[in-house]
Amino acid sequence: MNVLFGIVSLAFFVVFLKLFYLQILNYPYYRGLSDTNSLRLITERAPRGIITDRNGEILATNMPSYSLYVVPADLKAYGPTMVLLSQILDEPLSSLELTVESRKQRRRFEPIRLQTHLDEKLIAQIEENRVRLPGVYIQLEPERYYPHGELASHILGYIGEISEEDLTRLRENGYSGDAVIGKKGIERVYDQILRGEDGGVQVEVDASGIQRRTLAYKKPIQGQTLQLSIDWKVQELAENLLGDQIGSIVVTNPRTGEILALVSHPNFDPNEFVSGISFKDWNKLMKDKNHPLENRAIQGQYPPGSIFKLITALGALEEGVINFNKVFLCKGIFWYKTWPYRCWRSSGHGWMNLERAIIESCDIYFYQLGLLVKIDEIYNVAKDMGLGNKTKVDLDSEVAGLVPNAQWKESTQHIPWFPGNTIQMSIGQGYLLTTPLQMLDVTSGFAMDGTIYKPHLLYKIVDQNTGRTVFEKQPEILRETTFDQKYLDFMKSTLEKVISSPSGTGKKARINGVRVAGKTGTSENPHGDTHAWFTAYAPAEDPKVAIIVMVENGGEGGIVSAPIAKRVMEQSLGMDVTPWQTPTPVAAAETPGFKPTPVMGVAP
């Protein structure tokens, strides 16, 4: 009896210890589980902040929308519930189950959104079957809306549900598993400013998962208003002028770095991403050979063509291998040993000094000049002007481009640098790759006497409740070069003559009453027709606008891109826009006679 009594006593003591452990020591944990089983926190998503242009034109806003959610833990009769939902929504049962199964391990007690944009008929059907749909509820929430559709899509970007990778990266910043975040563009870069602060409703549910009463409510706080530096009228005109052509246009204020317009075509409609883009539509975008999701202004890498001649010229002047009057002879073809290099004008330009070589964009002059100045100095000047480096614009996925030299070629191609590589690079060809925005920075550098301001889209952050400006972007110097001012003055004067001279390649960008400085470029493309470049700034004496136009496979920059730049600059400067005429190829004007003392300067 004593042994039996001891065994029973020991058993009761063990039970007592277990109860003490569960009810006293682990009370907070199990009380939390109990509350989770009876209480549900339904997140009320905060409206994202509004995005406008510098003048208040709304580019991104919010619209009310009804969405359908399920809480996996409350799906008591999982099979019948999902079958009924499949019938009401007219969606394949397998598709709904895949959505729930893929997320319920991580979000068993968190709502999972099944569908958005519920119409009145669907809402009525769901409410009629409320008792048969435990764990299912409808919520009114703000949904992103882009009133201009595809226009400015590469600036704004798009939003989407947070991914596992994003959640791992952003969880410490307060992001939850059902958050909607910016995926591209301004929506991504300034997501924490735009997202606001979510609110929510705490409700009590019964054993069947049906909501019984509301216990608490926290009102969501809308994100702050983001005012961009772009001018919508300039943006819209630039997009319309580019039309169906593939390419990019960027317009800035060279004094501040403010981006007034940024166009990349083809573009996309960010509204398609708001509710979650379908696999079919996503696959279509991914397989499109023209890559509509690529922001060509900062991701497109191209040889810049004759615009790069400005770098070669500045390097030659800084190195002291030529002066302003140095001349070379252009006969239309230049032989280096046994290799022929041709000028764009097959008949040749005759004797050319540096000024006329830039004005008329003579290739053979720069072939010979490049051999004189050599690759290292060309490389150094290009890097000083920012090429081969990101511009640090406030957009995601920018690329750095490529400025090659002998060390790069030996380490990547495992062959030495040849004089022919220098000849090609001296006119912006060969291995050299730049983005349109980088080349616009080069243009702005000449306009501002060697000072380049960091390009940016952010203009102001405005409190959405008070309308008070809480932050205003100030100009930020990206780089300051140390080039001799007399060389910069010469380059600026010559760039004006590219536009004003009768033989200038950029004469189609002339604006009545405005001094315009610019440079054309036509870069070879191994996959098709040449790319058409044009860059300019105006007024030349007091620059207020700088522009780059790049049309893929467009032909000649002076014929195709210069007229587009002319109209956009007029709009930017507040002038009446001239009537638009489709550019037609014209023969280049013959250069006037020029016969200085012959001085050959071909390097060995």
Side-chain angles (χ1 to χ4, degrees), residues 48-55 57-63 143-161 180-191 193-195 225-252 259-278 280-300 393-399 435-437 455-459 548-552 564 568:
R48 288 181 73 82
I50 295 171
I51 303 176
T52 75
D53 82 335
R54 66 191 301 122
N55 299 312
E57 176 73 21
I58 294 178
L59 307 180
T61 184
N62 304 290
M63 300 286 285
E143 187 172 81
R144 204 57 159 166
Y145 176 63
Y146 304 91
H148 298 288
E150 294 182 352
L151 296 184
S153 58
H154 286 97
I155 294 175
L156 300 172
Y158 58 86
I159 64 170
E161 288 191 0
V180 171
I181 65 171
K183 294 284 189 174
K184 278 287 185 182
I186 287 295
E187 292 277 23
R188 176 184 175 91
V189 174
Y190 295 108
D191 185 71
I193 294 172
L194 291 167
R195 66 187 294 256
T225 298
L226 211 62
Q227 198 168 0
L228 303 183
S229 60
I230 70 169
D231 184 323
W232 180 249
K233 291 182 178 179
V234 178
Q235 176 76 25
E236 186 175 36
L237 177 65
E239 299 218 19
N240 290 337
L241 290 177
L242 191 57
D244 293 332
Q245 300 175 106
I246 298 174
S248 177
I249 300 174
V250 187
V251 187
T252 63
I259 295 177
L260 305 178
L262 187 149
V263 179
S264 177
H265 193 267
N267 45 17
F268 60 92
D269 188 350
N271 289 304
E272 295 181 357
F273 292 83
V274 171
S275 303
I277 190 168
S278 68
K280 178 181 178 182
D281 290 338
W282 175 255
N283 204 34
K284 181 180 177 182
L285 286 172
M286 290 294 99
K287 290 184 176 180
D288 191 322
K289 64 179 182 179
N290 293 322
H291 308 292
L293 293 181
E294 177 183 315
N295 187 342
R296 284 168 162 78
I298 61 171
Q299 293 177 284
V393 65
D394 45 349
L395 286 172
D396 58 308
S397 305
E398 182 183 16
V399 299
T435 68
L437 186 56
H456 60 89
L457 285 158
L458 178 62
Y459 188 54
I548 191 97
V549 179
M550 200 291 300
V551 180
E552 287 188 21
I564 294 175
V568 175

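Side-chain contact between Arg195 and Ile181 is absent, with no heavy-atom pair separated by less than 4.5 Å. Two residues are said to be in side-chain contact when any heavy atoms from C-beta on lie closer than 4.5 Å; His265 and Ile249 fail this criterion. For the pair Val234/Ile230, no side-chain contact is recorded, criterion being any heavy-atom separation below 4.5 Å from C-beta on. Residues Thr52 and Tyr459 fail the side-chain proximity criterion, which asks for heavy atoms closer than 4.5 Å. In this structure the side chain of Arg144 reaches within 4.5 angstrom of the side chain of Asn62, judged on heavy atoms. Between Leu228 and Tyr190, every side-chain heavy-atom pair lies at or beyond the 4.5 Å cut-off. Residues Leu437 and Ile548 form no side-chain contact, since every pair of their non-hydrogen atoms from C-beta on lies 4.5 Å or further apart. At a threshold of 4.5 Å between non-hydrogen side-chain atoms, the residues Pro436 and Arg296 do not count as touching.
In this structure, Asp396 contributes its side chain and Arg188 its backbone to no donor-acceptor pair below 3.5 Å. Without hydrogens or angle criteria, Asp53 side chain to Trp232 main chain gives a donor-acceptor distance under 3.5 Å. Not a single donor-acceptor pair under 3.5 Å links the side chain of His154 to the backbone N or O of Val263. Side-chain atoms of Asn290 do not come within 3.5 Å of backbone N or O of Pro292 as any donor-acceptor pair.
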* Asked: Going through the distances and angles, do Leu262 and Leu395 end up as a side-chain contact (heavy atoms from CB on, under 4.5 Å)?
  -> CA-CA 11 Å; Leu262 187 149; Leu395 286 172; 4.1 Å; yes

* **Chi angles and distances behind the side-chain contact (heavy atoms from CB on, under 4.5 Å) call for Met550, Val250** => CA-CA 9 Å; Met550 200 291 300; Val250 187; over 6 Å; no

* How far apart are the C-alpha atoms of Thr435 and Gln299, what are their side-chain angles, what is the distance that settles it, and do they pass the side-chain contact (heavy atoms from CB on, under 4.5 Å) test? -> CA-CA 7 Å; Thr435 68; Gln299 293 177 284; over 6 Å; no

* Apply side-chain contact (heavy atoms from CB on, under 4.5 Å) to Leu260 and Val568, showing your working. => CA-CA 10 Å; Leu260 305 178; Val568 175; over 6 Å; no

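When the side-chain hydrogen bond (donor to acceptor under 3.5 Å, both in side chains) test is applied to Asp281, the partners found at least two apart in sequence or on another chain are Ser278. Evaluation of the side-chain hydrogen bond (donor to acceptor under 3.5 Å, both in side chains) rule for Asp269 yields Asn271 as partners, not counting sequence neighbours.
Here Asp288 contributes atom CG and Glu294 contributes atom CD; the two are 11.0 Å apart, rounded to the nearest 0.5 Å. In this structure, OG1 on Thr61 lies 4.5 Å from CD1 on Ile50, to the nearest 0.5 angstrom. The distance from atom CD1 of Ile259 to atom CG of Leu458, rounded to the nearest 0.5 Å, is 11.0 Å. The distance from atom CG of Leu285 to atom CG of Leu293, rounded to the nearest 0.5 Å, is 5.0 Å. Between Glu239 atom CD and Gln235 atom CD the span is 4.5 Å, to the nearest 0.5 Å. Between the CD1 atom of Ile193 and the CG atom of Leu226 there is a distance of 6.0 Å, given to the nearest 0.5 Å.
The two residues Ile58 and Pro147 come nearest to each other via the heavy atoms O-CG, 3.6 Å.
The aromatic rings of Tyr158 and Phe273 sit parallel to each other, their planes meeting at less than 30°, with 60° as the upper class boundary.
Judged purely by distance below 3.5 Å, without hydrogens or angles, the side chains of His148 and Glu57 pair a donor atom with an acceptor atom.
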